[in-house]
Amino acid sequence: MPIYEYQCRRCKKQFQSLVMKKEEEKKVFCPECESRDLKRLISRVIYHVSESDRLATFDPNVSKGDSFLKDSRNIGLAAKKRAQQLGADLGSSFEEKLEKLRTDPGSVIRDSE
Ligand SMILES: [Zn+2]
């Protein structure tokens, strides 16, 4: 389901809207000033790509740009891809660690102290 993020050109408010059909996009208006002069923020759509999709399109042999490396959701993706290719099960503790690392990178350092 595509959820798009918009920014109003008039008052600069950012908001999200669920757009089922292309025609519906014309009906989207700013909740703040009701302006229809909107800019769609493309970046947020990528946020809704599931991890399995990220994993499927992830190629460890292609060098990654800055934005990839700064995105904490990509932490551990290379390890997961490798395991997937080998048919290995990393287990739930790996998933847990990964989740922790992605949501709170500092906690891992704190735990090992
Ligand atoms: Zn507005």
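Keep in mind the model is a prediction, meaning the values are calculated, not measured. Remember, it's 1-based here, ligands and their atoms both numbered in the order they're listed.
For K26, there are no side-chain contact (heavy atoms from CB on, under 4.5 Å) partners, not counting sequence neighbours. Here F15 pairs with Y6 under the ring pair (Phe, Tyr, Trp, His ring centres under 6.0 Å) rule; sequence neighbours left out. Under the side-chain contact (heavy atoms from CB on, under 4.5 Å) criterion, E32 pairs with C11, K13, C30, not counting sequence neighbours.
Distances from the Zn ion (ligand 1) under 2.8 Å pick out these protein N/O/S atoms: C8 SG, C11 SG, C30 SG, C33 SG.
Here Q16 contributes atom CD and Q14 contributes atom CD; the two are 9.5 Å apart, rounded to the nearest 0.5 Å. Put simply, CG on L41 and OH on Y4 are 12.5 Å apart, with the number rounded to the nearest 0.5 Å.
The shortest non-hydrogen separation linking S17 to V28 is OG-CG2, 3.8 Å.
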